[in-house]
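As C-alpha cells, the structure follows; a few thoughts come after it.
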Amino acid sequence: MNTVVTRFAPSPTGFMHVGGIRTALYSWLYARKHSGRFILRIEDTDKEREVAGAIPHIIESLTWLGIEWDEGIDRGGPHAPYLQSERLDLYRSYAHKLIAAGHAYPDPYTESEVEMFRQKAEEEKRPFLFRDHRPEISETWDGTKPLRFRAPRIIRYEWDDLARGRLGAGEEAVDDFILIKSDGYPTYNFAHIVDDIEMKVTHVMRGEEFISSTPKYLSLYEALGVTPPAFVTMPVILSPDGKKKLSKRDGAKDILEYRNEGYLPEAMMNFLALLGWNPGTEQEFFSKDELIQAFDLSRIQISGAGFDETKLLSVNQHWMRQLSVEDFITRGDFSVPDISKLKKAVPLLKERAHTFSEAREMLSGELSCLFSTPTLDQGQLIIKEPSERSGMTKSALESVLETIKSLSEGVSAESVKEIIMPIANAEEAKGKGGRGAILWPLRYALSGQERSPDPFTLISIFGPAESVSRVQKAIAILEG
C-alpha cells in the first residue's frame, strides 16, 4: 500500500478561520493515523487578494494548535519550493505537455467578446459554455494570452467521495477553463492539481464548495494520464442557529483570537475534531493521541455541524482542569504580586473560569481582594443585622475571630467550614438574623466586596494570620 500523503494548502488572503483549521486538522489526523506524511503548501497565485503577514499567521496558527507538518513551507522537503509563486516553471512545463497532447490552447478572445458570448447565452436561456466558442485552429501559445484547457465532450462524470459516497455531475460541469492567466500565474484549478501530482498526495480533504468543480479536476487528471487522489468532503460549519454557514457576522473569528482569549490548543483541537466527525462512542474529551487513534473517515458526517461556543467553553474548562497548579499558572500568564496566594486560588479558578481570560478577569475583579487590603464600610458590615439585635454583628465576628486564631496554616476550606458553621448555626437558633447575619459580615470583612468567594475559601487562601488581621479591622470599625 502506498504511503498516505495529505496536505493543507491555504491561500494567504486573510486570517485562519475554524473551517480552514478543521480541514488542516482532519488532513493531519488521517496522515498521523496511517503513519503517513502531512504537507503544508501555500497557494499564493492570486496576488491581488494576498494579505501581508498572512503566511507567518498561518504557520503560527497551526503551530499553536499542535499540527506539525512533515514537509512544506518554513520547513523544506523533497518537493520544495512549497510556495506556488516559486513554482511557475513547473506549471509551464505541465502546460506545454497539455498543449502538445492537444488538451490546451491559447484563449483568442478579449474579455468583451467573452462577455458578449455570455449575454447571448443568457438571452437564449441556455448555460454559457466556453467550449461552444472554442477556435477550430489554435495559435502558438507565447504566454501573453490565457491558456485554456480543452475539456472533453463527455456525458457525465462520477466519482467516489470517502465521506459522501457516490457523486456525479453532468456535462455542463465541464468546460474550457483557464489554466494559466495572461500574467503568467496559474489558476487554482490547474496549480493545485500539478502540485498534488508532484507531491504524491493520496487524499484531499476539502470543503463542499469544491464538489461542483470536481468534474474539471477529473478531466484534467485524465488528460494528464494520472489517477486522481481520493476526495474527502467536509461538512459545512454552521452558525449557532444552524441555519447558514458560519461567517464573521455570526462570530467566526481568527483562530489566534481564541488563543488570545485564553483557550487551550488541546481544547480547540478536541472541539474542532468533533465539529463534523463522530467517534461512534460516548467519549467527549480526546487528547491529541486519542484523536489520532480514533479518527476514521467513515465517521465524518454529511450534514452541517453547528458551531456551539458554549460547548467550546465547556471543553476548554475541562482541559484547564486537567492542568497541574504549576502548569495552570504558567499557561495562564497571570500577573499577580503573590504567587503563593495564586497557587491556593487555582482550584477556585478551575471551578469557575472557562478560559484564562475569565480567570484573569476574576483575579482583577472578585478575587482582587486576595492581593490588596480592603477598605470597609460600617454600613455594609451591619447591613444584615436585625434592628432588634443591635451589636449582633460585632459579637459574632468576635466569636469567629477566636476560632480563626485556633486554625493551622494550610487548613482547607472544608475544614474551615466545619469549624465556623456551628457558630453560624448557633446564631440561627437564637432568632432573627440567622446564619446570613454572621456569614455576610465575615465574608465582607475578609474581601471588602459585595461579590466574592465564600468566607471559608477566603480564610483557607489567606491563612489564619491574615484572616485574623482583616477580621480585627472590621471589629475596630464597628467599635468606632
Side-chain angles (χ1 to χ4, degrees), residues 1-11 23 26-27 30 36 39 41 43 45-46 79 84 87 90-105 107 127-134 146-181 186-236 297-298 300 302:
M1 182 177 177
N2 293 333
T3 300
V4 167
V5 179
T6 64
R7 48 77 167 172
F8 181 51
S11 299
T23 299
Y26 283 16
S27 300
Y30 190 72
I39 299 170
R41 186 175 76 220
E43 301 190 338
T45 58
D46 190 347
H79 305 103
Q84 283 189 337
R87 298 169 63 84
L90 176 66
Y91 307 132
R92 280 192 286 269
S93 69
Y94 268 76
H96 285 295
K97 288 180 185 178
L98 290 170
I99 293 171
H103 295 306
Y105 62 93
D107 184 343
F128 167 69
L129 294 172
F130 194 95
R131 68 183 187 218
D132 292 338
H133 306 279
R134 182 187 298 165
L147 184 69
R148 283 190 180 268
F149 177 65
R150 189 184 299 275
R153 293 185 178 275
I154 61 170
I155 297 176
R156 184 175 179 79
Y157 262 113
E158 292 190 345
W159 67 95
D160 290 311
D161 187 290
L162 296 187
R164 302 286 177 108
R166 193 71 173 167
L167 299 175
E171 62 177 337
E172 69 279 356
V174 183
D175 197 13
D176 291 8
F177 58 91
I178 293 176
L179 299 171
I180 295 182
K181 298 172 286 186
T187 61
Y188 168 81
N189 292 335
F190 184 42
H192 89 274
I193 289 179
V194 172
D195 289 337
D196 284 348
I197 291 172
E198 288 290 311
M199 296 178 187
K200 299 179 172 54
V201 172
T202 61
H203 294 76
V204 173
M205 316 283 174
R206 79 263 180 90
E208 65 177 20
E209 66 270 19
F210 292 101
I211 291 178
S212 61
S213 298
T214 302
K216 294 180 182 179
Y217 308 153
L218 294 175
S219 64
L220 186 50
Y221 275 112
E222 188 176 273
L224 291 168
V226 176
T227 301
F231 297 114
V232 186
T233 302
M234 309 286 100
V236 66
L297 294 179
S298 68
I300 294 177
I302 297 175

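Of all heavy-atom pairs between Ser11 and Glu43, the closest is OG-O, 3.2 Å. Taking every heavy atom of both residues into account, Ala223 and Phe149 meet most closely at CB-CE1, 3.6 Å. Taking all atoms of both residues into account, the shortest heavy-atom contact from Pro152 to Tyr157 is CG-OH, 4.0 Å. Across Phe128 and Asp175, no two heavy atoms sit closer than the pair O-OD2, 4.2 Å. Considering every non-hydrogen atom in both Pro235 and Ile302, the closest pair reads CB-O, 3.7 Å. Closest approach of Leu90 to Asp195, counting heavy atoms only: CD2-OD1, 4.2 Å.
Listed by first and then second residue, the salt bridge (charged side-chain N to carboxylate O under 4.0 Å, His left out) pairs that reach into residues 196-205 are Arg7-Asp196, Arg41-Asp196, sequence neighbours excluded.
For the pair Phe210 and Thr233, the minimum side-chain heavy-atom distance is 4.5 Å or more. Residues Tyr221 and Ile197 have side chains in contact (heavy-atom distance under 4.5 Å, counting atoms from C-beta outward). Taking 4.5 Å as the limit, some side-chain heavy atom of Phe231 sits within range of a side-chain heavy atom of Leu218. Between Leu147 and Asp107, the closest side-chain pair of non-hydrogen atoms is not below 4.5 Å. When side chains are defined from C-beta on, Pro229 does not count as touching Thr202, because their heavy atoms never get closer than 4.5 Å. Side chains of Leu297 and Met205 form a contact here, defined as non-hydrogen atoms less than 4.5 Å apart. Looking at heavy atoms from C-beta onward, Leu220 lies in side-chain contact with Phe177 at the 4.5 angstrom threshold. A heavy-atom distance below 4.5 Å is found between the side chains of Ile211 and Leu167.
Between Tyr94 and Phe190, the angle of the ring planes goes over 60°, which puts this pair in the perpendicular group of the 30/60° scheme. Taking the six-membered ring for Trp and thresholds of 30 and 60 degrees, Tyr217 and His192 have ring planes more than 60 degrees apart, a perpendicular arrangement.
Of the inter-residue distances, the one linking Ile300 atom CD1 with Met234 atom CE reads 4.0 Å to the nearest 0.5 angstrom. Between the OG1 atom in Thr227 and the CD atom in Glu222 there is a gap of 10.5 Å [rounded to 0.5 Å]. Considering NE2 of His203 and OH of Tyr30, their distance stands at 3.5 Å, rounded to 0.5 Å.
For Tyr26, the ring pair (Phe, Tyr, Trp, His ring centres under 6.0 Å) partners two or more places apart in sequence, or in a different chain, are Phe295.
The side-chain contact (heavy atoms from CB on, under 4.5 Å) test with Leu179 singles out one residue from Asn189, Ile193, Leu98, Val194, and that residue is Leu98.
Side chains of Asp46 and Tyr188: no donor on one and acceptor on the other come within 3.5 Å. No hydrogens or angles considered: nothing links the side chains of Ser213 and Arg206 as a donor-acceptor pair under 3.5 Å.
Proximity of a side-chain donor or acceptor of Arg134 to a complementary backbone N or O of Ala151 within less than 3.5 Å is detected. Without hydrogens or angle criteria, Arg164 side chain to Val232 main chain gives no donor-acceptor distance under 3.5 Å.
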CA sep, side-chain torsions, deciding dist, call: Thr187, Thr45, side-chain contact (heavy atoms from CB on, under 4.5 Å): CA-CA 7 Å; Thr187 61; Thr45 58; over 6 Å; no
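A salt bridge does not link Asp176 with Arg148: none of the charged nitrogens is closer than 4.0 Å to a carboxylate oxygen. In summary, Asp160 and Arg166 engage in a salt bridge, as defined by a charged side-chain N under 4.0 Å from a carboxylate O.
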